[in-house]
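Okay, so here's the structure we're looking at.
Nothing fancy with the numbering, it's 1 onward along the sequence.
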Amino acid sequence: MSRAICIAASLALLLGGEAGAFNLTWGDVEVKQLGAYGFTSGNPVLSFDSGNTNEMVEMFGYLGTASGVIQIDQSSFNVLSAPSAVDNVVTSQVRLNNSGASSLGLNANDLTIEYTFTLVDDPTVWDSDQFLWDVTINNLTGTDMNLVFYSYLNLQLDGDSADDLADASPLRILVSDPDSGKLFNWKASNAGADHFQVQAFSSVRDLLDTMTTAQDLPDAVAFSGDFAAALQYDIVVPANSSFTLFGMPLTIVPEPSVALLTM
């Protein structure tokens, strides 16, 4: 076989009661403790060089309405389908529970969220490996839903959180490590995000955690050292229908180049 494939379901429970976290290797792309909601606890890792660098500290979503904002986790959602893998793709599904519905001004079971995580191993000389994050929100009611989805992550490029540099726009967020020359490219889904924020950990997460109603991120880069960021998507999910944020690809390339900056 041209690729090393290793799939193992963890038997341990994650912190907070989430079960079935995955460890998955596809080529030289590796994830550890990938749960139903993303990378939330239990020493999670996303690595693009066989586990040596690029630790994923946190990656998960927030959902907002005019009534409130909640982290998409086990306190606000129940797991309908625990993470399961077919080759290089891991899927899961969660459903809004009473606690989450109360915060959002909705009813329990009004919506479900499907996650599809895909590991992409680039065999070319560019070695531009990817981790794709697809999010599908299913509206199970007879009324259109106005929602705000915030995708959040905290990643240590090249295993070092002290010296990363960042630039951002509604189309993508670029992070570079001056020591190794590695480049991290986080592209916005579909046609782009509505708003963004890049700031040193834990300022972005603190803002999201304390929002009482959905509000716009400031479209700002105020950052030094320990990278964390969020992309904001204002979406309308039609009645009895769904909306998908495709891809949101995380790409690590060995070193910057003009060609790669056009990805």
Does any donor atom in the side chain of Asn139 or Thr141 lie under 3.5 Å from an acceptor atom in the other side chain? yes

Between Asn138 and Glu114: side-chain donor-acceptor atoms closer than 3.5 Å: yes

Could you go step by step and tell me if Leu250 and Leu153 meet the side-chain contact (heavy atoms from CB on, under 4.5 Å) rule? CA-CA 10 Å; Leu250 315 178; Leu153 67 84; 3.6 Å; yes

For the residue pair Gln93 and Tyr115, confirm or rule out a side-chain donor-acceptor distance under 3.5 Å. no

Taking atom types as modelled and ignoring hydrogens, do the side chains of Asp216 and Gln232 form a donor-acceptor contact shorter than 3.5 angstrom? yes

Examine distances only and state if a side-chain atom of Asn154 and a backbone atom of Ala228 form a donor-acceptor pair shorter than 3.5 Å. no

Using atom types as modelled and distance alone, determine if a side-chain donor or acceptor of Ser76 lies under 3.5 Å from a backbone N or O of Asp73. no

Between the side chain of Tyr62 and the main-chain N/O of Ala230, is any donor-acceptor distance below 3.5 Å? no

Show, in sequence, the C-alpha distance, side-chain angles and deciding distance for Asp121 and Phe48, and conclude whether the side-chain contact (heavy atoms from CB on, under 4.5 Å) test is met. CA-CA 8 Å; Asp121 177 41; Phe48 294 88; over 6 Å; no

Is it true that Tyr233 and Asn190 share a donor-acceptor pair across their side chains at a distance under 3.5 Å? no

Evaluate side-chain contact (heavy atoms from CB on, under 4.5 Å) for Glu58 paired with Phe201, printing each intermediate quantity in order. CA-CA 11 Å; Glu58 297 171 325; Phe201 180 82; 3.6 Å; yes

Are side-chain heavy atoms of Leu111 and Leu63 found at a separation under 4.5 Å? yes

Would you check if the side chain of Thr91 reaches a backbone N or O of Thr116 as a donor-acceptor pair within less than 3.5 Å? no

Are Phe39 and Phe131 close enough, and set up right, to give a ring pair (Phe, Tyr, Trp, His ring centres under 6.0 Å), and what steps lead you there? CA-CA 12 Å; Phe39 296 102; Phe131 178 83; 5.6 Å; yes

Do the side chains of Leu24 and Leu34 get nearer than 4.5 Å, heavy atoms only? no

Please examine the side chains of Trp186 and Thr251, heavy atoms only from C-beta on, and report whether any two atoms are closer than 4.5 Å. no

Answer yes or no: is there a donor N or O on one side and an acceptor on the other, between the side chain of Ser203 and the main chain of Gln199, under 3.5 Å? no

Is there a side-chain contact between Val198 and Ile173 (heavy atoms, below 4.5 Å)? yes

